[in-house]
Engineer: 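Below you'll find the structure I mean.
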Amino acid sequence: MKRTHLCNALRPADAGKTVTLVGWVDTKRDLGGVTFVDLRDREGITQVVFRPGQGSLQENAQRLKSESVIEITGTVTARTADTVNPKLATGSIEVVASHLTVHNHCQDLPFPMDDDKADKVNEDLRLEYRYLDLRRPRNLGLLKLRHQAARAIRAEMDQQGFIEVETPTLFKSTPEGAREFLVPSRLNPGEFYALSQSPQQYKQMLMVAGVERYYQMARCYRDEDLRADRQPEFTQVDIEMSFIDREDMYALIEGILKRTWKETLGVDLPTPFPRMAYQEAMNRFGIDKPDTRFGLEIQDFTALFKNSAFKVFQTAANTPGSVVRAINAKGLADLTQGELTNLETIAKSQGAKGLAFIKCEGGEWKSPITKFFSPEEKAALEKQLNITDGDIIFFAAAPWEQASNILGRIRLESAALLKAKGRLSLPTDQYNFLWVIEFPLMLWDEEEKRYLSAHHPFTAPVVEDEPLLATDPAKVRGQHYDIVLNGVELGGGSIRIHNPVVQKRVFEDVLKIPQDIVESRFGYMLKAFSYGAPPHGGIALGFDRVVAMLAGRSSIRDIVAFPKTQRGQDLMAQTPGAVTPKQLRELRIRTVEEEPKA
Ligand code: ASP
């Protein structure tokens with residue numbers, strides 16, 4: 001079976017040629033005794049005409065159902081001016097068929113394949129028939145976009161001297177990270193691999209091995225609760241380099257993203273990207289991945305309320321480590337009671353007792369709390385928050401981090417409401433890239449009563465903060481960086497510790513991991529670091545998120561060929577599923593109905 005042309009190829013200059021085309025029946029119409037079939041392949045659509053009076057040819061064409069696979073031979077004919085279809089690349093010609101072969105009849109479709117209708121079809125049904133859903137030109141376009149992005153990244157990595165190295169996905173369990181998928185080892189009964197959460201440890205070993213510049217389109221696995229921007233298996237552009245500092249990493253990633261945006265969307269990204277310290281991001285935006293496309297920034301009023309008659313604010317303002325902060329959700333005073341309740345629920349999910357607010361309507365401040373405010377307090381709020389009629393002000397009085405989290409969430413939700421009401425518009429081609437830097441190396445965990453790594457335990461401290469490791473770990477900044485785009489974390493990484501003594505100190509003295517566990521989990525790394533480990537650092541970009549941003553999609557399910565649902569299921573292949581007792585016996589595994597008591 002040989003086609004002579006793709007379905008986007010023929011033009012009036014081809015008139016008179018005999019051609020063979022293959023593809024799917026996109027649509028079929030019978031008009032005035034003539035049958036028209038729009039024939040579609042991966043590249044486009046060509047109109048095929050079946051005229052009466054050619055034996056069974058037209059009858060067979062009339063019986064064709066949408067999405068059947070056919071092959072036609074015919075003659076290219078220029079269309080008359082009044083029948084030209086300017087929407088199609090091939091709209092000035094049609095092929096008058098002389099031969100038809102049906103390679104595969106398509107049954108009645110489970111949902112319409114027309115893009116606008118199909119987009120509204122229940123996602124579970126589309127995932128069950130993912131091969132049909134993918135066949136829609138819009139979705140094939142997303143696969144092409146993903147391919148183009150991967151090609152741009154690979155080209156840039158190659159140009160920069162990186163070697164693509166594959167690392168094992170069957171790794172060992174490292175329980176302090178995300179929850180892992182475990183894989184029983186038949187040859188070592190009772191023992192388990194874990195599917196790699198990331199090639200972190202292997203890529204560091206590659207630096208000790210002298211690879212100097214490594215990258216990999218790495219498949220990673222995390223058994224976490226799923227959301228629109230998370231899949232249980234995903235792809236990272238995983239990178240590690242020797243003999244570099246943070247500036248080298250910023251320049252490399254900016255180059256990769258610049259090339260990717262240029263080669264996929266034709267967009268020129270201005271570089272270098274702005275940078276913001278973690279502290280500033282939390283103070284102004286209440287989150288470590290700020291969306292800087294809009295304002296609604298957080299303002300601090302801790303000093304203002306130190307002597308306030310409003311007890312709640314006064315207490316917080318005088319509690320060390322606590323703050324009184326607010327945002328002005330400009331123009332949102334007319335939100336509904338339901339919307340307000342939802343905001344309150346969000347604040348409470350961040351540990352707030354409630355959500356204090358002031359509505360400014362009809363020249364009046366409407367709020368149960370304003371009666372406690374002095375004229376000076378009111379004036380200061382009005383000035384700093386630029387309050388005008390139609391605004392609503394939300395407050396948080398809490399420890400610094402919690403107040404940031406509360407107002408960070410309220411800010412995003414307010415923006416979403418303003419967007420839905422048509423009062424905030426964010427251009428689809430606005431790309432606010434941002435480096436977030438100077439994260440703390442450690443965060444105190446109240447539950448475990450010990451420090452935990454903010455990124456991972458291999459991140460090096462900022463050199464001048466190293467002495468604080470012994471005295472005040474909370475103050476140590478890490479050489480960690482995140483790359484953020486429009487409020488989405490695209491990736492993160494760090495300069496690593498390459499000195500075995502410092503690494504051991506971080507594990508044992510700071511993170512308080514017992515010595516035997518350090519030995520069993522990381523002993524081989526510490527050993528490797530004593531055999532000529534170069535200074536090194538790296539990063540991982542979430543490739544799925546990069547493609548989703550390029551495609552303007554909020555769900556990464558859209559840009560993964562065979563995604564899993566929020567419950568981690570592949571509805572097409574029906575996985576996960578039960579296995580046979582024999583398989584379990586071989587693995588020496590017994591399943592239990594209920595969760596066993598610990
Ligand atoms: N392995 C890290 C991650 O997956 C990234 C890095 O530090 O390179 O988040």
Side-chain angles (χ1 to χ4, degrees), residues 153 157 160 162 164-169 171-181 194-208 211-224 229-242 244-246 248-253 256-257 278 288-289 435-443 452-462 477-485 488-498 503 506 511 521-522 525 529 533-546 556:
I153 290 169
M157 298 316 287
Q160 298 297 332
F162 284 78
E164 182 160 16
V165 182
E166 286 158 281
T167 54
T169 47
F171 186 46
K172 63 180 191 174
S173 177
T174 51
E176 55 287 313
R179 194 179 290 121
E180 305 164 313
F181 288 99
L195 292 183
S196 173
Q197 300 182 29
S198 87
Q200 184 62 36
Q201 297 183 32
Y202 283 116
K203 67 175 172 174
Q204 291 194 246
M205 291 303 98
L206 288 173
M207 294 303 104
V208 185
V211 169
E212 294 202 22
R213 292 188 161 217
Y214 144 93
Y215 89 104
Q216 177 180 197
M217 298 298 259
R219 197 35 86 83
C220 306
Y221 306 85
R222 295 181 192 171
D223 188 8
E224 293 186 297
D229 63 348
R230 261 201 212 148
Q231 282 280 298
E233 50 182 313
F234 57 96
T235 306
Q236 283 187 346
V237 185
D238 195 44
I239 295 172
E240 198 75 8
M241 276 198 275
S242 294
I244 53 133
D245 60 20
R246 282 175 282 178
D248 298 298
M249 189 55 75
Y250 303 150
L252 174 80
I253 295 301
I256 293 171
L257 293 170
Y278 165 80
D288 60 1
K289 45 179 181 180
W435 285 107
V436 179
I437 55 175
E438 311 211 326
F439 283 81
L441 186 68
M442 315 280 169
L443 295 170
L452 298 179
S453 301
H455 182 45
H456 52 51
F458 316 113
T459 298
V462 167
R477 289 163 302 167
Q479 293 200 50
H480 170 57
Y481 30 77
D482 272 356
I483 179 75
V484 172
L485 167 57
V488 172
E489 183 195 323
L490 287 188
S494 57
I495 301 299
R496 324 296 186 191
I497 300 167
H498 68 283
Q503 184 67 78
V506 166
L511 298 174
R521 268 186 217 145
F522 307 113
M525 283 186 98
F529 286 172
H536 61 284
I539 193 165
L541 294 178
F543 182 59
D544 306 282
R545 287 190 191 163
V546 169
I556 69 170

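Everything numeric here is computed off the predicted structure, so don't read it as measured data. Values reported hereafter were calculated over all heavy atoms of this structure, with side chains retained and with hydrogens, waters and symmetry mates removed. Whatever order the structure lists them in is the order used to number ligands and atoms, beginning at 1.
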Engineer: Indicate the atoms forming the closest heavy-atom contact of Tyr278 with Glu438, along with that distance.
Structural biologist: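 Where Tyr278 meets Glu438 most closely, the heavy atoms are CB-O, 3.6 Å.
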
Engineer: Present, as a list of atom pairs with distances to 0.1 Å, all nitrogen or oxygen contacts under 3.5 Å between ligand 1 and the protein.
Structural biologist:
residue	atom	partner	partner atom	Å
ligand 1	1 (N)	Ser198	OG	3.1
ligand 1	1 (N)	Gln200	OE1	2.7
ligand 1	4 (O)	Arg222	NH2	3.2
ligand 1	4 (O)	Gln236	NE2	3.1
ligand 1	7 (O)	Gln200	OE1	3.3
ligand 1	7 (O)	His455	NE2	3.0
ligand 1	7 (O)	His456	NE2	2.9
ligand 1	7 (O)	Arg496	NH1	2.8
ligand 1	7 (O)	Arg496	NH2	3.3
ligand 1	8 (O)	Gln200	OE1	3.4
ligand 1	8 (O)	Lys203	NZ	2.7
ligand 1	8 (O)	Arg496	NH2	2.7
ligand 1	8 (O)	Ile539	N	3.4

Engineer: Answer yes or no: is there a side-chain heavy-atom contact under 4.5 Å between Phe458 and Phe522?
Structural biologist: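 Phe458 reaches Phe522 side chain to side chain.
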
Engineer: Should the ring pair His536 and His498 be called parallel, tilted or perpendicular, given that the plane angle runs from 0 to 90° and is split at 30 and 60?
Structural biologist: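 The rings of His536 and His498 stand perpendicular, inter-plane angle above 60°.
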
Engineer: Between Lys289 and Val436 (side chain of the first, backbone of the second, donor and acceptor by atom type, cut-off under 3.5 Å), is there such a pair?
Structural biologist: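 No; zero donor-acceptor contacts below 3.5 Å.
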
Engineer: Using a 3.5 Å distance criterion without hydrogens, assess whether the side chain of Glu180 forms a donor-acceptor pair with backbone atoms of Thr174.
Structural biologist: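 Yes, because the side chain of Glu180 sits within donor-acceptor range (under 3.5 Å) of the backbone of Thr174.
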
Engineer: Going by atom types alone, do Gln216 and Thr167 pair a side-chain donor with an acceptor below 3.5 Å?
Structural biologist: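 The criterion, which ignores hydrogens and geometry beyond distance, is satisfied for Thr167 and Gln216.
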
